[in-house]
Engineer: 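This structure is in structure tokens; I'll ask about it shortly.
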2 protein chains.
Amino acid sequence: MANPMYRQIAEDLRAQIEGGDLEPGQQLRTEIELRDHYGASRNTIRDATKLLAAWGMVETRPGQGTFVVRKIEPYVTTLTGSPKVPILYGEVDDSAAGATGSERILYSTDPQVEIQKAGASVGKLLEIAEGSQVISRHQKRAIDGTPWSMQTSFYPMGFILKGADRLIQADDIAIGTMKYLEQTLGLKQVGYRDWITVRTADGTEASFFNLPPDGRVSVFEVFRTAYDQTGTPMRLTVTVYPTDRNEFIVNVGDVPDDGAGVVPA
Amino acid sequence: MANPMYRQIAEDLRAQIEGGDLEPGQQLRTEIELRDHYGASRNTIRDATKLLAAWGMVETRPGQGTFVVRKIEPYVTTLTGSPKVPILYGEVDDSAAGATGSERILYSTDPQVEIQKAGASVGKLLEIAEGSQVISRHQKRAIDGTPWSMQTSFYPMGFILKGADRLIQADDIAIGTMKYLEQTLGLKQVGYRDWITVRTADGTEASFFNLPPDGRVSVFEVFRTAYDQTGTPMRLTVTVYPTDRNEFIVNVGDVPDDGAGVVPA
DNA sequence: GGGTATTTGTCCGTATGTATT
DNA sequence: AAATACATACGGACAAATACC
């Protein structure tokens, strides 16, 4: 057995997909048909399609069939700079997919505000004691109806006592929380540090992002620590992005403008 | 069947691992023992351990058993700034693992130089015609014996004709290729753009990085386009990093020094 | 080196459950 | 309700990798 049969079958199907014989969205032959075609058992065919699914090339739908995955058009976030996509607030509604032409609109839920105790990561990055209280503001975001990111911002509890009480209200701060903190507390953001990791999605994330339950699609977890003029962390924002639909850009020094076309299609 | 049995078994084992009953590196009971313990068939046990493997919690070794994975201590790369780890050149040697104390030494192979035709990505990012010739310099890197990254730099073919002929020699350019290009061609790097994506590893990558063959561990693919003083791309560097042992930092504006401790352990 | 025991990997056939059309 | 297609679960047989004697 140079290569096991299920792997050979998977490679054969992969070649068909990459060669264009099977187009994105198209249905593969059923397991029974493939079993007869390759002269293998149905379980072996299933091992092959499982491998293809692990490679992210097909997805299986009970009662329907096995389909070649359509690549999701990635959304590119520039970490060095301000976001340029307009943000609309309100409920994230998955059913409103395939909306208006080619414009991409970012929807965001209203913030869900909680008082929590700082875990290890939050304490370390905000430079406060683990277990001390923090304000957390959580939002879910979608682009054109596709769930895109889950974001949680953490602020030290002291900000409330010092007068920034809008932080614990569950609505959006239209002028931006950074400007609000500057007006109320005199804290000005002078820089931030992003720490980028990748891990497997947990159950909540897999559910919100409609990820396959086999743990195949992982997520970016980006920790953004914002620093004030004294070099003290004033906010920690943790954002989770599925890796199958998100990419990042970092610009350093003097580079040509971003624009359509910096990234190959 | 609220939850399928193999999933319940997987959750039970997961709880044991997260609860500390099973420690990293420790061997699980054999499939036969687990079969008797849970009153399931061996195939069902195998489905459960496959799920745990997809979650990245265990790994199976033929002829040995199933083991709780040890988390690899991640190596953090700062994208905005110069690398600080000393680079030693020579052969990457997997067998020299577990070396000298806590210092981390980055080994790099000598460059493997080829003349290639630019693919779609390379052409687009270097702003040259797809199919035109480019110089590629490929290196593999390891830290403390663990394979860490695969890097390929692409330069326009014209650089050779204009006098930068050391680019096609298969040895390291000690002063750095950027300084070399400045001395020979007068091209000075004024900035760069990093484009960060995540995808599943291909066969070559899975082999070099010792990744499990099930497609679970994905890789970062970072495209760094360097621009000269005229705003023209002068180099494209594509680096592939396994996501299970690599993290990235991006600093923007005025932030406190990097150092041990910016990242939670 | 060879032989054996142990453990996971591959492959088969079958039966039944669940989701979708 | 019926048909279709994938999902779960079982039991068995043999292969391949590893460790140990």
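Values below: all heavy atoms of this structure, side chains included; hydrogens, waters and symmetry mates excluded. Protein chains get the first letters and strands the later ones, always in sequence-line order, with residue 1 at the start of each.
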Engineer: Between the protein and nucleotides 13-16 of chain C, list every N/O to N/O distance that falls short of 3.5 Å.
Structural biologist:
| unit_1 | atom_1 | unit_2 | atom_2 | d |
| --- | --- | --- | --- | --- |
| C:dG13 | O6 | A:Asn43 | ND2 | 2.7 |

Engineer: Apply side-chain contact (heavy atoms from CB on, under 4.5 Å) to the pair A:Ile115 and A:Ile135, showing each step before the final yes or no.
Structural biologist: CA-CA 5 Å; A:Ile115 310 294; A:Ile135 307 141; 4.2 Å; yes
Engineer: Once salt bridge (charged side-chain N to carboxylate O under 4.0 Å, His left out) is applied, do any residues pair with A:Arg61, and if so which ones, sequence neighbours excluded?
Structural biologist: A:Glu59
Engineer: Which residues pass the side chain to side chain donor-acceptor pair (under 3.5 Å) test with B:Arg245, sequence neighbours left out?
Structural biologist: none
Engineer: Measure from CD on B:Glu31 to P on C:dA5 and round the result to the nearest Å.
Structural biologist: 20 Å
Engineer: For residues 236-243 of chain A, which side-chain donor-acceptor pairs fall under 3.5 Å, sequence neighbours excluded?
Structural biologist:
| unit_1 | atom_1 | unit_2 | atom_2 | d |
| --- | --- | --- | --- | --- |
| A:Thr237 | OG1 | A:Ser153 | OG | 3.0 |
| A:Thr237 | OG1 | A:Arg235 | NE | 3.4 |
| A:Thr239 | OG1 | A:Gln151 | NE2 | 2.9 |
| A:Thr243 | OG1 | A:Ser218 | O | 2.9 |

Engineer: For A:Phe220, check ring pair (Phe, Tyr, Trp, His ring centres under 6.0 Å) against everything at least two apart and list the hits.
Structural biologist: A:Phe248
Engineer: Got a sec? Which of residues 60-69 of chain B come in under 4.0 Å of DNA chain C, heavy atoms?
Structural biologist: B:Thr60, B:Arg61, B:Pro62, B:Gly63, B:Gln64, B:Gly65, B:Thr66
Engineer: Could you list the residues that satisfy side chain to side chain donor-acceptor pair (under 3.5 Å) with B:Gln169, not counting sequence neighbours?
Structural biologist: none
Engineer: List in chain and number order the residues that pass side chain to side chain donor-acceptor pair (under 3.5 Å) with A:Glu11, two or more places apart in sequence or in another chain; answer none if no residue qualifies.
Structural biologist: A:Arg14
Engineer: Given side chains that start at C-beta, do those of A:Glu18 and A:Met57 come closer than 4.5 Å, heavy atoms only?
Structural biologist: yes
Engineer: Output yes when at least one side-chain N/O atom of B:Thr49 is less than 4.0 Å from OP1 or OP2 of C:dT8, else no.
Structural biologist: no
Engineer: Figure out the CD/C1' separation between B:Gln27 and D:dT18, and round it to whole Å.
Structural biologist: 12 Å
Engineer: Who are the side chain to side chain donor-acceptor pair (under 3.5 Å) partners of B:Arg7, not counting sequence neighbours?
Structural biologist: none
Engineer: Output the rounded distance in Å from CG (B:Asp47) to P (C:dT8).
Structural biologist: 15 Å
Engineer: To the nearest angstrom, how far is B:Lys50 atom NZ from C:dT8 atom C1'?
Structural biologist: 11 Å
Engineer: Counting only side-chain heavy atoms from C-beta out, which of D:dA7, D:dA5, C:dT10 sits nearest to A:Tyr6?
Structural biologist: C:dT10
Engineer: Rounded to whole Å, please give me the gap between CD1 in B:Ile32 and C1' in D:dC10.
Structural biologist: 14 Å
Engineer: What is the distance, to the nearest angstrom, from the CG atom on B:Asp36 to the P atom on D:dC10?
Structural biologist: 12 Å
Engineer: With a 3.5 Å cut-off and sequence neighbours excluded, list the donor-acceptor pairs that the side chains of residues 43-52 of chain B form with protein atoms.
Structural biologist:
| unit_1 | atom_1 | unit_2 | atom_2 | d |
| --- | --- | --- | --- | --- |
| B:Thr44 | OG1 | B:Ser41 | OG | 3.2 |
| B:Arg46 | NH1 | B:Glu31 | OE2 | 2.9 |
| B:Thr49 | OG1 | B:Ile45 | O | 3.4 |
| B:Thr49 | OG1 | B:Arg46 | O | 3.0 |

Engineer: Roughly how many Å is it from CG in B:Asn3 to P in C:dG17, rounded to a whole number?
Structural biologist: 18 Å
Engineer: Would you kindly give the CD-to-P distance between A:Glu59 and D:dA7, to the nearest whole Å?
Structural biologist: 11 Å
Engineer: Quick one: salt bridge (charged side-chain N to carboxylate O under 4.0 Å, His left out) partners of B:Arg224, sequence neighbours excluded?
Structural biologist: B:Asp194
Engineer: Hey, what bend do you get for the helix from C:dG2-D:dC21 to C:dT21-D:dA2 if you fit axes on five pairs at each end, rounded to 10°?
Structural biologist: 20°
